[in-house]
Undergrad: 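Let me give you the structure first, and then I'll get to my questions.
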Amino acid sequence: MSVFDVLKERGYLQQMTHEDEIRQLLEKEKVTFYMGIDPTADSLTAGHCMALMVMSHMQQHGHRPIALLGGGTAMVGDPSGKTDMRRMLTKEMIAHNAACFKKQMERFLDFSDGKAIMANNADWLLDLNYVDFLRDIGAHFSVNRMLQAEAFKARLERGLTFLEFNYMIMQGYDFLELYRRYGCTLQVGGDEQWSNIIAGVELVRKIEAKPVFGMTFTLLTTSDGKKMGKTEKGALWLDPARTSPYDFYQYWRNVEDAKVAQSLALMTFLPMAEVKRLAALKDREINEAKKVLAFEVTKTVHGEAEATKAQDAAGALFGGAGAAADMPTAQVGRDLLGKPVIDALHAAGIIATKSEGRRLVDQGGLHLGDKKVTAYDEKLEADHFKDGSLLVRKGKKTYHKLTLS
RNA sequence: GGUGAGGUUCCCGAGCGGUCAAAGGGAACAGACUGUAAAUCUGUCGGCUCAGCCUUCGGAGGUUCGAAUCCUCCCCUCACCA
């Protein structure tokens with residue numbers, strides 16, 4: 001089975017510039033392809049996982065991925081997302097972020113022996129000469145045509161700066177550079193990158209007169225249309241210091257029913273037969289599928305040991321067994337014994353404000369071990385702790401382990 | 001550069017001298033129902049030493065017993081014109 005069929009069967013593919021040619025290309029040749037990533041943070045997020053999954057499938061079938069960091073384009077800002085203008089990054093920051101990304105990507109991709117490449121478009125964008133660039137590259141872009149792009153339509157109503165307008169041109173130019181440097185002939189990206197991808201494909205075809213291609217993959221969204229992998233508290237990070245493996249696991253464990261099948265196909269490497277079997281589960285049974293999903297995704301990102309820990313912790317907590325090994329831990333000083341529970345939890349950072357604590361108590365959402373806290377002035381006592389730790393539950397799903405220091 | 005419209009609590013958005021910690025919606029949080037799902041319903045939703053007090057309505061001043069609301073200057077955004 002070719003990668004093309006794999007990608008198609010799993011439901012990754014959204015749009016392609018030339019479906020038949022791409023299929024043939026992927027079946028007959030070892031293709032060098034790339035995907036752009038904004039280096040604006042020092043960790044990738046679950047949103048990137050989709051992309052990494054695609055790249056991984058491709059690499060497993062012998063193709064060579066290039067992860068292109070948008071170190072240059074990051075200074076301009078992509079108008080096709082809803083995000084506002086992005087801030088400038090220093091070279092040091094980008095280098096740091098790149099190193100962090102690479103570590104995380106190694107879970108998905110094999111970078112040894114040049115089997116995968118990391119590039120940074122700052123390497124060519126920053127030294128461009130404006131006049132030369134306009135003449136050589138700018139001449140190939142039709143403004144009329146660019147204005148057709150879906151990405152700009154929305155922004156045209158609200159205002160679009162010339163700076164952002166150029167993003168597409170720079171993106172297109174990236175493809176040309178990668179074609180020249182690495183013989184890269186295919187660009188992949190999230191579907192919101194479609195217009196940028198076309199721009200690159202057309203540019204290379206015009207200048208080099210060589211057939212290059214582009215394709216986009218589906219965005220994994222919740223049923224109300226939001227991108228998956230974002231929590232209300234922010235992104236779901238791959239960096240365990242930002243999002244603990246436990247929380248990461250829980251995110252996938254709690255995926256809505258309607259998205260389980262798709263998530264399994266897109267976010268795990270499980271064989272499709274197994275995906276289909278799990279996806280067929282209904283009602284209460286579907287929880288089995290969610291456990292598998294959560295475990296598999298966590299395993300890919302954090303490794304099997306962490307995934308197992310997260311799974312055990314979740315099992316212990318929700319299975320009712322009480323204390324578990326791996327969950328967020330907080331400490332309080334012994335001097336807080338005898339002080340109101342709310343004060344102690346505030347000091348430990350489990351609740352942000354004391355008002356929040358009072359609210360939780362009012363609403364009956366705060367538990368120490370299996371006892372509900374019923375009064376504001378309830379005190380934290382030494383005998384709340386068993387073996388030096390105390391399980392604090394906030395609401396139904398948020399658990400913290402509190403220890404004395 | 002000119003003209004006009006704006007900047008309100010996480011977001012959108014009312015308020016236009018006291019009854020404003022500030023309508024309404026969204027998000028979020030808690031509770032009920034459940035399957036650690038969705039939907040629905042109820043409640044909460046600036047902080048605190050909590051029947052009271054303190055800090056918020058772009059920034060700095062001013063008028064007033066009293067300002068998010070009026071005046072002055074400044075900063076920023078948007079639209080149209082140049």
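The analysis underlying the following values was restricted to heavy atoms, covering all of them including side chains, and did not include hydrogens, waters or symmetry mates.
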Undergrad: Heavy-atom contacts under 4.0 Å between residues 338-347 of chain A and RNA chain B, which residues?
TA: none
Undergrad: Does B/A28 have its OP1 or OP2 closer than 4.0 Å to a side-chain nitrogen or oxygen of A/R359?
TA: no
Undergrad: Please list, chain by chain and in numerical order, all residues satisfying ring pair (Phe, Tyr, Trp, His ring centres under 6.0 Å) with A/F108, sequence neighbours excluded.
TA: none
Undergrad: Within the 4.0 Å heavy-atom criterion, would you say A/T353 contacts the bases, only the backbone, or no part of the nucleic acid?
TA: sugar-phosphate
Undergrad: List the atom pairs, donor and acceptor, that lie under 3.5 Å between side-chain atoms in residues 390-400 of chain A and the rest of the protein, sequence neighbours left out.
TA:
from, atom 1, to, atom 2, distance (Å)
A/R393, NH1, A/G395, O, 3.0
A/R393, NH2, A/H367, NE2, 3.4
A/K394, NZ, A/I350, O, 3.1

Undergrad: Mind checking if A/K354 touches a base, just sugar-phosphate, or nothing, with heavy atoms under 4.0 Å?
TA: sugar-phosphate
Undergrad: Apply ring pair (Phe, Tyr, Trp, His ring centres under 6.0 Å) to A/Y12 and list each qualifying residue two or more places apart in sequence or on a separate chain.
TA: A/H57
Undergrad: Mind running a 4.0 Å heavy-atom check of residues 361-374 of chain A against RNA chain B and sending the residues that fall below it, in number order?
TA: A/Q363, A/G364, A/G365
Undergrad: Check whether any side-chain nitrogen or oxygen of A/K396 sits under 4.0 Å from OP1 or OP2 of B/C29, and answer yes or no.
TA: no
Undergrad: For atom C1', what is the distance between B/A38 and B/G46, given to the nearest Å?
TA: 32 Å
Undergrad: Listing request: all side-chain hydrogen bond (donor to acceptor under 3.5 Å, both in side chains) pairs with a residue in residues 368-384 of chain A, at least two apart in sequence or in separate chains.
TA: A/D362-A/Y376
Undergrad: Identify all side-chain donor-acceptor contacts of residues 330-343 of chain A below 3.5 Å with residues at least two apart in sequence or on another chain.
TA:
none

Undergrad: Between A/R277 and A/E274 (salt bridge meaning N to carboxylate O under 4.0 Å), is one present in this structure?
TA: yes
Undergrad: Which part of the nucleic acid, if any, lies within reach of A/Q250 when heavy atoms closer than 4.0 Å are counted: base, sugar-phosphate only, or nothing?
TA: base
Undergrad: Sequence neighbours left out, what passes ring pair (Phe, Tyr, Trp, His ring centres under 6.0 Å) with A/Y34? Give chain and number order.
TA: A/F175
Undergrad: For A/H18, which residues count as a ring pair (Phe, Tyr, Trp, His ring centres under 6.0 Å) partner, sequence neighbours excluded?
TA: A/F213
Undergrad: I'd like the C1' distance from B/C75 over to B/G52, given in whole Å.
TA: 38 Å
